[in-house]
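To keep things clear, I will list the structure first and then write my remarks on it.
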Amino acid sequence: MAGEVQTLAQITEDRCVDALSVSAVIDASLDSDFFRSKQSSYPWHIIEHDDGHLEDTIAGGPANRKTVSKIEHTASCISTHQGEHLMSFCEATQRGQGVDLVITGGMPAYASMLTVKLDEKKQIACSFEATYPMTIPGEKLQWRITKKAFRMKSEGFKPGTRLYGWLSVEFEEITTLKGKETRRSYKIEGYVKPVIQRAATQR
């Protein structure tokens with residue numbers, strides 16, 4: 001529609017192809033030390049200095065410890081994209097009878113996002129998006145999911161409950177410039193434990 005602003009999720013789906021038909025697997029024995037760990041950190045733009053004071057690198061000044069909250073680490077996934085790094089955050093939102101998972105982490109050095117959508121039949125749909133600090137005029141960037149798997153400890157996507165899962169997603173990054181195509185392969189794999197949130201609006 002004219003004048004409509006696309007969300008990041010919509011842009012991701014436009015630029016990432018997932019033609020694989022795969023369902024999540026229920027694995028009651030799924031376990032990890034990460035499921036029992038309790039870790040959190042300030043948002044990426046908040047720096048805690050050795051003397052204890054906080055700095056907001058976006059605002060360019062001190063941050064108030066009373067108004068800045070740490071964020072729970074709800075993912076422990078290793079990404080090989082843009083250099084191997086840890087993705088520590090997973091948000092889960094109920095979508096109809098399914099759930100959308102968004103895995104992020106590594107900012108500001110690693111600006112990428114993996115979305116994993118599970119429908120009521122546990123079918124998985126994945127999409128990946130990344131931002132590069134510099135792009136070449138005329139360069140086209142796309143992604144293609146080549147392999148995916150998701151295991152979850154129990155069924156159901158009830159808001160307020162935790163979803164304990166393990167994921168593995170492999171994808172190609174396809175760069176096209178002046179008719180020449182370059183493909184590189186990457187992987188994101190690890191555990192997630194987000195608390196499922198109720199969608200703000202149901203469409």
Side-chain angles (χ1 to χ4, degrees), residues 6-32 34-35 74-106 110-132 139-158 162-177 180-194 196-197 199 203:
Q6 286 185 304
T7 65
L8 182 55
Q10 288 172 320
I11 295 170
T12 300
E13 290 174 354
D14 289 344
R15 298 176 63 185
C16 184
V17 176
D18 179 5
L20 304 177
S21 179
V22 177
S23 297
V25 175
I26 305 300
D27 181 0
S29 66
L30 183 67
D31 192 26
S32 169
F34 174 68
F35 293 162
T74 49
S76 181
C77 297
I78 299 296
S79 171
T80 62
H81 184 263
Q82 294 180 328
E84 187 172 298
H85 64 281
L86 181 64
M87 303 179 81
S88 299
F89 306 105
C90 177
E91 294 183 0
T93 305
Q94 184 188 48
R95 177 177 52 85
Q97 299 301 310
V99 68
D100 291 352
L101 307 178
V102 178
I103 298 97
T104 58
Y110 310 103
S112 60
M113 177 181 79
L114 174 69
T115 300
V116 179
K117 296 185 176 184
L118 292 89
D119 65 16
E120 64 276 7
K121 296 181 180 179
K122 306 296 189 298
Q123 285 282 318
I124 311 164
C126 297
S127 56
F128 179 82
E129 175 77 9
T131 301
Y132 286 91
E139 182 180 59
K140 183 180 179 182
L141 189 62
Q142 293 178 300
W143 296 274
R144 184 175 69 89
I145 306 299
T146 57
K147 190 175 182 180
K148 59 185 178 180
F150 190 85
R151 301 206 317 264
M152 48 193 294
K153 194 171 179 67
S154 60
E155 295 203 41
F157 304 123
K158 183 180 178 181
R162 281 197 188 268
L163 189 161
Y164 294 98
W166 172 89
L167 63 89
S168 180
V169 179
E170 297 179 30
F171 57 94
E172 284 186 329
E173 184 172 79
I174 307 162
T175 305
T176 306
L177 181 62
K180 183 179 180 181
E181 187 176 273
T182 303
R183 293 174 180 254
R184 295 182 178 87
S185 297
Y186 299 101
K187 184 177 184 178
I188 297 174
E189 184 172 282
Y191 294 92
V192 296
K193 57 172 184 180
I196 299 174
Q197 305 297 316
R203 296 184 179 182

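Side chains included, hydrogens not; waters and symmetry mates left out as well; all remaining heavy atoms used. For the single chain, residues carry numbers from 1 onward in sequence order.
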### Message
For His85 and Tyr110, take the angle between the two ring planes, folded into 0 to 90°, and tell me which bin it lands in: parallel under 30, tilted 30 to 60, perpendicular over 60.
### Response
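Parallel: the ring planes of His85 and Tyr110 meet at under 30°.
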### Query
Using 30° and 60° as the class limits, which term best fits the ring planes of Phe128 and His81: parallel, tilted or perpendicular?
perpendicular
Taking side chain as C-beta onward, heavy atoms only, is [X] less than 4.5 Å from [Y]?
| X | Y | value |
| --- | --- | --- |
| Trp166 | Glu189 | yes |
| Asp119 | Lys117 | no |
| Ile26 | Lys122 | yes |
| Leu101 | Phe150 | yes |
| Ile78 | Glu84 | yes |

Determine the minimum heavy-atom distance between [X] and [Y], stating which atoms define it.
| X | Y | result |
| --- | --- | --- |
| Val192 | Cys77 | CG1-SG, 4.1 Å |
| Gln97 | Phe157 | O-CD1, 3.3 Å |
| Leu20 | Lys148 | O-NZ, 2.9 Å |
| Ile124 | Ser23 | CD1-C, 3.7 Å |
| Met87 | Ile103 | CE-O, 3.3 Å |
| Ala199 | Thr93 | CA-CG2, 3.7 Å |

### Task
Could you tell me if the ring centre of Tyr191 sits under 6.0 Å from that of Phe34?
no
### Message
I'd like to know whether CD of Gln123 has more than 12 heavy-atom contacts from other residues, nucleotides or ligands below 6.0 angstrom.
### Response
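Yes, because the 6.0 Å sphere around CD of Gln123 holds more than 12 heavy atoms from other groups.
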### Message
Pair Lys187, Ser168 - check side-chain contact (heavy atoms from CB on, under 4.5 Å), show working.
### Response
CA-CA 7 Å; Lys187 184 177 184 178; Ser168 180; 3.4 Å; yes
### Task
List the steps, then state whether side-chain contact (heavy atoms from CB on, under 4.5 Å) holds for Gln142 with Val17.
CA-CA 8 Å; Gln142 293 178 300; Val17 176; 5.8 Å; no
#### Entry: Under-4.0 Å salt bridge between Arg184 and Glu173
no
